[in-house]
Amino acid sequence: MCFIKNGDDEIVTYKEGMVFEVQEHYYNDKLIAYNLVMGKQLIESYDEPEIAIVAMKEVLNRIFNKARYIDIEKVNMLIEA
């Protein structure tokens, strides 16, 4: 089990077998963001699909390395560096 602090400062719980994906988010038929989601829970929104995929890979890497807590803002800072 791993706890993830999402972009809204909410804690969501990852349990083994849960799926992450990047989904396009539309508003009034216009693409406005790429959402990193876990099941039906929003983790973070990104402007570019490549950045969302990099963030997803980093979150999964941390989970596979037995992280107990992940702050998505720290992941975002790492990506920006």
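These numbers come from a predicted model, not from an experiment.
Closest non-hydrogen pair, Cys2 versus Tyr69, comes out as SG-N, 4.0 Å. The nearest pair of heavy atoms linking Thr13 to Met18 is O-SD, 3.5 Å. Residues Asn35 and His25 share a closest heavy-atom pair of ND2-CB, 3.4 Å.
Open room surrounds CG on Asp47; 12 or fewer heavy atoms of other groups in view lie less than 6.0 Å from it. Within a 6.0 Å sphere centred on OH of Tyr27, other residues, nucleotides and ligands contribute 12 heavy atoms or fewer.
By the 4.5 Å heavy-atom criterion applied to side chains, Val59 and Met38 are not counted as neighbours.
The hydrophobic clustering, which links ILVMFWY residues whose side-chain heavy atoms are closer than 4.5 Å, places Tyr46 and Leu31 together. Hydrophobic clustering (side-chain heavy atoms under 4.5 Å, transitive across Ile, Leu, Val, Met, Phe, Trp, Tyr) keeps Val19 apart from Val22. Under the 4.5 Å side-chain contact rule for hydrophobic residues, Leu42 and Ile63 do not share a cluster. Both Ile72 and Leu60 are part of a single hydrophobic cluster, where members link through side-chain heavy atoms under 4.5 Å apart. Under the 4.5 Å side-chain heavy-atom criterion for grouping Ile, Leu, Val, Met, Phe, Trp and Tyr, Val37 is not connected to Ile70 through any hydrophobic cluster.
Rounded to the nearest 0.5 angstrom, Ile53 CD1 and Tyr34 OH are separated by 9.5 Å. Within the model, atoms CD of Glu44 and CD1 of Ile4 stand 12.0 Å from one another, a figure rounded to the nearest 0.5 Å. Interatomic distance, NZ of Lys40 versus CD of Gln23, reported as 10.5 Å (0.5 Å rounding). From Arg68, atom CZ reaches atom CE of Met1 across 7.0 Å, with rounding to the nearest 0.5 Å. Distance CD1/Ile43 to CD/Glu10: 9.5 Å, rounded to 0.5 Å. The distance from the CD1 atom of Ile79 to the CD atom of Glu58 is 7.0 Å, given to the nearest 0.5 Å.
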- Passes side-chain hydrogen bond (donor to acceptor under 3.5 Å, both in side chains), Tyr26 versus Glu24? Steps please. CA-CA 7 Å; Tyr26 291 88; Glu24 294 178 339; 2.7 Å; yes
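Using a 3.5 Å distance cut-off with no hydrogens or angles, the side chains of Gln41 and Asn6 do not pair a donor with an acceptor.
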